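Computed from heavy atoms alone, side chains included, the values below leave out hydrogens, waters and symmetry copies. Predicted, not measured: the structure shown is a model, and the values here were computed from it. Lettering of chains follows the sequences in order, A, B, ..., and the numbering in each one begins at 1.
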Number of protein chains: 2
Amino acid sequence: MHGVMEAHAPAGSSSRDADGTTEPGTEQRIFDAALHVFSNKGQDGARMQEIADHAKINRALLHYYFRSKAQLYEAVFAHGFEQFVSGLTPSLREERGFEETLGTFVRGYIDYLHGHQEMARLMLNECLCGGPVLTSYLERAKENPEGFPALVMEDRIRAAVAAGEVRPIDSEQTMLTIVSACIFPFVALPTVRIFHPEVEDDFDAFVEERKRHVVDLLLRGLRPDDTGAAP
Amino acid sequence: MHGVMEAHAPAGSSSRDADGTTEPGTEQRIFDAALHVFSNKGQDGARMQEIADHAKINRALLHYYFRSKAQLYEAVFAHGFEQFVSGLTPSLREERGFEETLGTFVRGYIDYLHGHQEMARLMLNECLCGGPVLTSYLERAKENPEGFPALVMEDRIRAAVAAGEVRPIDSEQTMLTIVSACIFPFVALPTVRIFHPEVEDDFDAFVEERKRHVVDLLLRGLRPDDTGAAP
DNA sequence: ATATCGTTTAACTGTTTTGTTAAACTAAAC
DNA sequence: GTTTAGTTTAACAAAACAGTTAAACGATAT
C-alpha cells in the first residue's frame, strides 16, 4: 500500500449514510468494480477505464489507489482467494457421519459459489491461463492443508472408505467429481441458458435443485452395496 | 476467405516431405498456433506476433491469411466447434442399453477432451466471457438438436427414466453433472498438479482412471434400488 | 521464360491503453 | 483558519499493438 490515510472519507472504508444504510467506501468500490470487470473480461480484456467507471471514480484516482493493473489484479485475487478459503472452512468444522459431512460440504460449496459467482469465474479464468497467480497462492495453501477445504474433504472421504462407510473408490477422483459438479454449472450458465431458458427465470430454484441433485447422486453413487436406504 | 490459391505450397494444405512424413501447410500451422495461443491467453491476451511466431511465419503473412484477429478467432473457433460436435456424435450412433450408452458417451467425451485440451479451454474461456461467439454457435446448434451430442444424451437419460432403467432423477441436472465431471478435470489441471504431482507423471493413466471412476460413480448413482449388481 | 502466388522484410500509420503529473477543488480534522 | 488527504480535471508521454503497404524474393505451373 501507499499512504492512503483517509481524512476526507472515514477510515473504515465505508461511510454511514444519514439513512443508516452503510454504503461502501472508495477502496471497496474499486475492489467490487475490478472483480466485476476482471471476472467477465479477464486480466487482459479488462480496461482500467471501465473499472473506474464501475467504481464511479476516474482513472487518476484508480491509479492513486493501485499503481498498476497487475497490482490491482493481484489485490483483487488475494482478497477473493482469502474469502474463498475462509468461507468454506466452517462447513467442515463439525464432525458427524460421512453422509452429513458430504451433504453439508456440497450445499455450503454451492451456496458460496452462488453468492460469489464473479470470484468463481475469476479463479476459473486463472486456471485456464495456466494460472501463475493462482498457482502461487495454492503453493502457499499447500503449507497447511488442514486449512484448505478441498483437501480436508478429500481426507474425510479417505477415512470414510477406510471405515467402510462408502464403497472403496478413489478419494482423489471422487473429490474432483464433487468439485466439478459444484463449480461447473455456474461456468456453463451461458450454455445452459440457451437450451433451458427457464433456468434463468428462477435461478435460485435451480441452485436449490442443483444442491439436492448433487448430494443425492453422490450419496447413491458412493453408498456400499449392503446398506439399506431407510434411516 | 480471400484469394489464396497456393501455387508455391501444394493445395491440400499439407506438403509431403521427402521422408514421407506429412507436415502441415501454412494455413494449418496458423490454425494450430492460433488455437494454442488463444486457448492459453484468451482472445484479448493473445498477440498476433506470438501466433505468427508459433506458426513460424511473420505478422504480414498472418494478416495475408486472416484480415484481423477477430476473424482469425472466429475461424479457429468455428473449426474447433465443428470438430467437437462431429467428433462426439458417432459415439451416440448405436442404440443399446442405457448403461452401455452412458459408458460409451462418457469415455468418448473424455477421450475427445484428452485429445483436444486446447479446444476445450477455448470453449470454456468463451463460457466465462459471456461467450458472444459461443452463444451464436449454440443458437445455430439448437436448430437441429439431434446433431448436438449433449442434447441427444439428455434425451436418452429422459427415456431411460421413463423406462425405469434408472432412478427417477432430473435428466437436465444429470446431464449437467456428466458434462461437469468430464470437462472440469482438464480445466482444474493446474490446481490438481500442485496437490497431486503424480498425475502429471502419467497423465494417460490418470485419464483412464478418470473414465472408469466417472462411469462407475454415475451408473451406481443412477441405478434403481431393485437392480442386482451382477450382469 | 514468364506469370503466379506464397513468403519475407521493413517501414509506416493509427489507435488504444497504460501510467504519470500538476493544478485546482473539497470536506473533514486539528 | 489552516492543514490534510481524498478527489477531480486535463493534459501528457510512452509503449504496445493492430493493421497496411510496397518492394523484393523464390519456387511452381503453364
Side-chain angles (χ1 to χ4, degrees), chain A residues 1-18 22-34 37-38 40-76, chain B residues 1-18 22-34 37-38 40-76:
Chain A
M1 298 293 159
H2 50 103
V4 175
M5 294 292 166
E6 312 196 41
H8 176 198
S13 81
S14 67
S15 69
R16 211 157 290 282
D17 203 337
T22 52
E23 54 182 36
T26 304
E27 187 163 351
Q28 187 57 46
R29 285 211 314 282
I30 294 179
F31 267 89
D32 295 342
V37 178
F38 278 137
N40 285 318
K41 310 283 182 78
Q43 186 173 6
D44 297 303
R47 303 291 143 217
M48 293 297 267
Q49 182 63 61
E50 194 180 350
I51 295 175
D53 289 345
H54 260 83
K56 286 172 187 159
I57 58 175
N58 47 43
R59 257 182 34 258
L61 189 59
L62 184 53
H63 278 100
Y64 176 69
Y65 275 85
F66 299 91
R67 267 176 179 62
S68 68
K69 185 159 80 160
Q71 190 197 316
L72 173 58
Y73 183 81
E74 263 257 3
V76 169
Chain B
M1 300 294 157
H2 50 103
V4 175
M5 293 296 167
E6 311 196 43
H8 177 197
S13 81
S14 67
S15 68
R16 210 158 288 284
D17 203 336
T22 53
E23 54 182 35
T26 304
E27 187 163 351
Q28 187 57 47
R29 284 212 314 283
I30 293 179
F31 266 89
D32 294 342
V37 177
F38 278 138
N40 286 318
K41 311 284 181 77
Q43 187 174 6
D44 297 306
R47 303 295 140 207
M48 292 298 266
Q49 182 63 61
E50 195 180 350
I51 295 175
D53 289 345
H54 260 84
K56 288 174 186 159
I57 57 175
N58 46 44
R59 260 182 29 259
L61 190 60
L62 183 53
H63 278 101
Y64 177 69
Y65 275 84
F66 298 92
R67 268 177 179 62
S68 69
K69 185 157 81 161
Q71 189 198 316
L72 173 58
Y73 183 81
E74 264 258 2
V76 169

Tell me which nucleotide among C/dT8, D/dG19, C/dT20 gets nearest to the side chain of A/His63.
->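 Minimum distance to the A/His63 side chain belongs to C/dT20.
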Could you check how far CG of A/Leu72 sits from P of C/dT18, rounded to whole Å?
->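 Distance check: A/Leu72 CG to C/dT18 P gives 11 Å.
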If you count the non-hydrogen atoms of other residues, nucleotides and ligands that lie under 6.0 Å from NZ in A/Lys41, is the total more than 12?
->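 Counting neighbours around NZ of A/Lys41, 12 or fewer heavy atoms of other residues, nucleotides or ligands fall under 6.0 Å, so no.
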For atom CG of B/Leu62 and atom C1' of D/dT20, their distance in whole Å |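 Rounding to the nearest Å, CG of B/Leu62 and C1' of D/dT20 are 14 Å apart.
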Side chain of A/Lys69 only, please: which of D/dG19, C/dG19, D/dT8 is the nearest?
->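 Between D/dG19, C/dG19, D/dT8, the one nearest the side chain of A/Lys69 would be C/dG19.
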Examine D/dG6: is either OP1 or OP2 under 4.0 Å from a nitrogen or oxygen in the side chain of A/Thr26? Give yes or no.
->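 No, because none of the side-chain N or O atoms of A/Thr26 sits under 4.0 Å from OP1 or OP2 of D/dG6.
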Roughly how far apart are B/Phe38 CZ and B/Asp44 CG, rounded to 0.5 Å?
->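 Between B/Phe38 CZ and B/Asp44 CG, I get 9.5 Å after rounding to 0.5 Å.
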To the nearest Å, how far apart are A/Asn58 CG and D/dA11 P?
->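 It is 14 Å, rounded to the nearest whole Å.
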Please tell me which of B/Ile57 and A/Ala70 maps to the more 5' nucleotide of DNA chain C, matching each residue to the nucleotide holding its nearest heavy atom.
->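 Its nearest nucleotide lies further toward 5', so the answer is B/Ile57.
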In whole angstrom, what separates B/Phe66's CZ from C/dT7's C1'?
->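 In whole Å, C/dT7 C1' and B/Phe66 CZ are 16 Å from each other.
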Nucleotide D/dA18, atom P - distance to CD of B/Glu50 in whole Å =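 For the pair B/Glu50 CD and D/dA18 P, the rounded distance is 10 Å.
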Find the distance B/Asp44:CG to D/dC17:P and express it as a whole number of Å.
->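 So the CG-P distance, B/Asp44 to D/dC17, works out to 12 Å.
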Under a 4.5 Å cut-off applied to non-hydrogen side-chain atoms, are A/Tyr65 and A/Leu72 in contact?
->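 No, too far: nothing below the 4.5 Å cut-off.
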Once you round it to whole Å, what is the distance between C1' of D/dC17 and CZ of B/Arg47?
->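 Going from B/Arg47 (CZ) to D/dC17 (C1'), I get 7 Å.
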Residue whose closest nucleotide on DNA chain C lies nearer the 5' end, B/Arg29 versus B/Arg59 =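 Taking each residue's closest nucleotide, the earlier one in sequence belongs to B/Arg29.
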OP1 or OP2 of D/dT7 under 4.0 Å from side-chain N/O of A/Tyr64 =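 The answer is no; no side-chain N or O of A/Tyr64 sits under 4.0 Å from OP1 or OP2.
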Could you check if a side-chain atom of B/His54 sits within less than 4.5 angstrom of a side-chain atom of B/Arg29, using non-hydrogen atoms only?
->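 They are not in contact (no side-chain heavy atoms under 4.5 Å apart), so the answer is no.
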Write down the distance between CD (B/Glu27) and P (C/dG6), rounded to a whole number of angstrom.
->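 Value for this atom pair: 10 Å.
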Out of curiosity, B/Leu62 CG to B/Thr26 OG1, how far, rounded to the nearest 0.5 Å?
->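 Answer for the CG-OG1 pair, B/Leu62 versus B/Thr26, is 11.0 Å.
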Going by modelled atom types, is there a donor-acceptor pair between the base of C/dG19 and the side chain of A/Arg67 at under 3.5 Å?
->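 It does not, because no donor-acceptor pair links the side chain of A/Arg67 to the base of C/dG19 below 3.5 Å.
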